[in-house]
Amino acid sequence: MGRLGLVLAGVILGVVLSHVYQAVAEDKDNGVYVLVSAQILEPEGLDAYAEAAAPLALQHGLEILGRIPTVPDDFVFEGEWPFEGGITIERFESMESFRSFWNSDAYQAAIPLREGKVDFNFVVAVPAGS
């Protein structure tokens with residue numbers, strides 16, 4: 001095979017590999033991680049909220065990856081944790097499934113059930129692989 005043949009083979013291999021890479025990238029996990037920082041003020045008063053919100057979140061693919069009720073100083077490796085309460089790391093199948101849960105009429109109706117019982121510092125959604 002001459003020099004031109006090697007160059008052509010390299011170009012063809014590059015095109016094939018780029019298509020394979022694109023197919024793998026499109027097929028990879030496109031979930032979303034949701035970081036929730038909150039302080040529970042009245043745990044016994046959250047039953048109605050949990051009964052309304054938990055099954056709905058599970059229907060939308062909720063998976064709880066980790067939760068700590070307070071963030072100890074030795075868990076913060078850089079900077080400071082300025083919030084009261086803890087953090088929960090959740091995973092949903094996609095940003096679309098999380099938005100569908102969050103914006104649903106049923107979840108919006110459940111939100112008042114937590115008022116005065118939980119103080120949220122933040123809820124942040126981070127797409128996987130971004």
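Computed from heavy atoms alone, side chains included, the values below leave out hydrogens, waters and symmetry copies.
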More than 12 heavy atoms of other groups within 6.0 Å of Q39 CD: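 Yes.
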
V124 side chain reached by V34 side chain, heavy atoms, under 4.5 Å: no

Please report the closest heavy-atom contact between G31 and R91, naming both atoms and the distance.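 Smallest interatomic distance, heavy atoms only, reads CA-NH2, 3.7 Å.
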
Give me the atom names and distance for the closest heavy-atom approach of L46 to K117.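 Minimum heavy-atom contact is CD2-CB, 3.7 Å.
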
Which pair of heavy atoms, one from A110 and one from A52, lies closest together, and at what distance? CB-CB, 3.8 Å

Any heavy-atom pair between the side chains of F92 and E90 that's under 4.5 Å?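 Side-chain contact under 4.5 Å: yes.
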
Strictly by side chain to side chain donor-acceptor pair (under 3.5 Å), give each pair with a member in residues 100-110 just once, sequence neighbours left out. Y49-Y107, H60-S100, Y107-R114

Taking A38's backbone N and O only, do any of them form a donor-acceptor pair with D119's side chain (distance below 3.5 Å, no angle check)?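 Not a single qualifying donor-acceptor pair exists.
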
Non-hydrogen side-chain atoms of I87 and I68 separated by less than 4.5 Å: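 I87 reaches I68 side chain to side chain.
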
Does atom CD of E80 have more than 12 heavy-atom neighbours, drawn from other residues, nucleotides or ligands, at distances under 6.0 Å?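 Open: at most 12 neighbouring heavy atoms sit under 6.0 Å from CD of E80.
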
Are more than 12 heavy atoms from other residues, nucleotides or ligands located less than 6.0 Å from atom CD of E63? yes

Say you draw a straight line from CG of L56 to CG of L62; how long is it, rounded to the nearest 0.5 Å?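 One finds 10.0 Å between CG of L56 and CG of L62.
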
If I take atom CD from residue E84 and atom CG from residue L41, how far apart are they, to the nearest 0.5 angstrom?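 So the CD of E84 and the CG of L41 are separated by 10.0 Å.
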
Heavy atoms only: give me the nearest V32-A125 pair and the separation to one decimal.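 Heavy-atom minimum between the residues: CG2-CB, 3.8 Å.
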
Are F98 and F120 connected, step by step, through hydrophobic side chains (Ile, Leu, Val, Met, Phe, Trp, Tyr) whose heavy atoms are closer than 4.5 Å?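 Yes, same cluster.
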
Verify the ring-centre separation between F83 and F122: is it less than 6.0 angstrom? yes

Close side-chain approach of S37 and W81, heavy atoms under 4.5 Å: yes

